[in-house]
Amino acid sequence: MTPLLLLPQHGLGGAQDLPVSRELAILGAAAAVAVSFVVLALAWRTGRYDAATSGRPAPHWLAGLVDSTAWRAALRAVGLVSLLYLVLVALAGKDLLTNPIFGIFYVWIWVGMVPASLVFGRVWRAISPWRLVNTGLARITGASPDDGLYAYPRRLGMWPGALGLFAFVWIELVDPHNVELGHLTFWCAGYLVAMVVGGALFGNVFYARADPFEVYSSLVARASVWGRRDGVLVVRSPLANLDSSPTDPGLLAVVAVLFGSTAFDAFRESTRWLTFIQGDGAPIVLQNTLGLVGFCAGVGAIFWVASVATGIGPGQSRRLLPGTFAHALVPIIIGYIVAHYLSYLVEVGTFTLIEASDPLGRGSDVLGTGGLTVPYWLSYHPTFLAECKVAAVVTGHVVGVVAAHERAIKVLPKRHQLTGQLPLLAAMIAFTVGGLYLLFST
Amino acid sequence: MARLLSTAVLLVLVALTTAGCGGDGPSSGPQSTKVIDVTVSGRSTTPSGQTIDVGVGQRIELRVTADAPGEIHVHSSPAEQEFQYGKGTSTIEVEPIQAPGRVTVESHTLGKTLFILQAR
């Protein structure tokens, strides 16, 4: 491997690379979201998606393949080998930035899982080593892996998943020691213990709601074309698939953490915030933690208020509305992940593939990828990158508005269907403006 | 068939050239050394979180004036660069950045971001 000195960790594509001024781009994006609502109000007057009928069955060979025991076992093996590899580099690798564990953890798993889940569906669920461990332990004791010692409390819903996701974004965005091997290994050890114990207590149902990576991956997979109807693999339009997703308590918390943390990632590098927290005030870690909590809570609060601020029908509960509409934030999250991390995924992701070929830092090339070169095409074309960012954010918001509109038609009484959506539309426009402003503020 | 093929090749060539022209390619030719003044006094630093533009491959020199010895880290990939400086004024030569992007430079002693280098 040739030593590459001083490569940047983040790509370009900022406000100065936009072909138009930042203000004009933001105005245009907000207008696109507003116009799409008007078009929907005129042209989309009845509900279009029904989870019980939408989608057509996948081709027989495909359904046969993905439902076969061999296929499932192969994916579990991939998960197990990957886990063993990570344990090896965590315990025997060097405590240097060249240790591939950092790139695998922060880039491949965290960012790469979004495109993977969007294309292939519930990826983490398929390779999750925890489900394998849980199944193995259950077999030994003669129990069913789906049931644990206790029934999973329904009221908890996805709140544990939201907590786990927050723990991840905290180490990623706030912890100043996040690229020290000891810190990362400690975090992973805590995660491992929580997953193994949780599975033993509550069975496989625990992972769908409490494993942060599975929660994240399965959430993004709702915007893929792959769905299940009565256990049968179906191909659906992403919008119909998104609409079919169940609503668990805590879903809004999950999307608020994902969305808020991405926004905070853009904000924390701005000169204004850096200058502010580096004054003589409170410790920087504390201020960054409060900033991260503030962004997540802020997103959640704005969405909560906007979705309950509507007229409702008799016998309808206002408190259930935020969870009912929360899935509309999923495409928005995907849009921001693309906008923030596209060049990061391509560049640092490839770099990680080079590093991964030398797991212990001994100059080996076990994967044969040590000689790859990092494609810096995106960073050399910052205007294209900046345009991609705006396009991803606008697309995410427009799809979010469509998803919310479809849901409003289904759950709100006829006379509140349009007016009831106005606060949500205002929130979406505020998110678009705020998100793009932050994206182009550094 | 040959005609189709040659048209396709031509189109690809056009696309590649325009893509090459459209971007701001790697800056070539000699560039003067970028000198960045850094002052560390007690717990406060100048600069403190600003973004500084440099060229890809441009030589970078830090002129550090400090009231106590300390350490500066340049958070580049794959290897961080670490520099120690003493009390008074010292000069630090930073390796040029090899590709466009953003690199954080922090005072390791204070745990604060000094500035972010933006290479283009």
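FYI, side chains are in, hydrogens and waters are out, and symmetry mates aren't considered; it's all heavy atoms of this structure.
The side-chain contact (heavy atoms from CB on, under 4.5 Å) test applied to A:Asp175 returns A:Trp170, A:Ile171, A:His177, A:Asn178, A:His183, not counting sequence neighbours. With sequence neighbours excluded, the residues that form a ring pair (Phe, Tyr, Trp, His ring centres under 6.0 Å) with A:Trp110 are A:Phe168, A:Tyr216.
Summarising the local packing, CZ of B:Phe83 is surrounded by more than 12 heavy atoms from other residues, nucleotides or ligands at distances under 6.0 Å.
In plain terms, the two heavy atoms of B:Ala99 and A:Tyr380 that are nearest each other are CA-OH, 4.2 Å.
In terms of heavy-atom pairs under 4.5 Å with chain A, the best-connected choice from B:Ser48, B:Ser44, B:Pro47 is B:Ser48.
At least one side-chain heavy atom of B:Arg120 sits less than 4.5 Å from a side-chain heavy atom of A:Asp17.
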Side-chain donor/acceptor pairs under 3.5 Å, residues 361-368 of chain A, sequence neighbours excluded:
residue, atom, partner, partner atom, Å
A:Ser364, OG, A:Asp358, OD1, 3.2
A:Asp365, OD1, A:Ser357, OG, 2.4
A:Asp365, OD1, A:Gly368, N, 3.2
A:Asp365, OD1, A:Thr369, N, 3.3
A:Asp365, OD1, A:Gly370, N, 3.0

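Proximity to chain A among residues 106-117 of chain B is limited to B:Gly111, B:Lys112, B:Thr113, B:Ile116, judged by heavy-atom separations below 4.5 angstrom.
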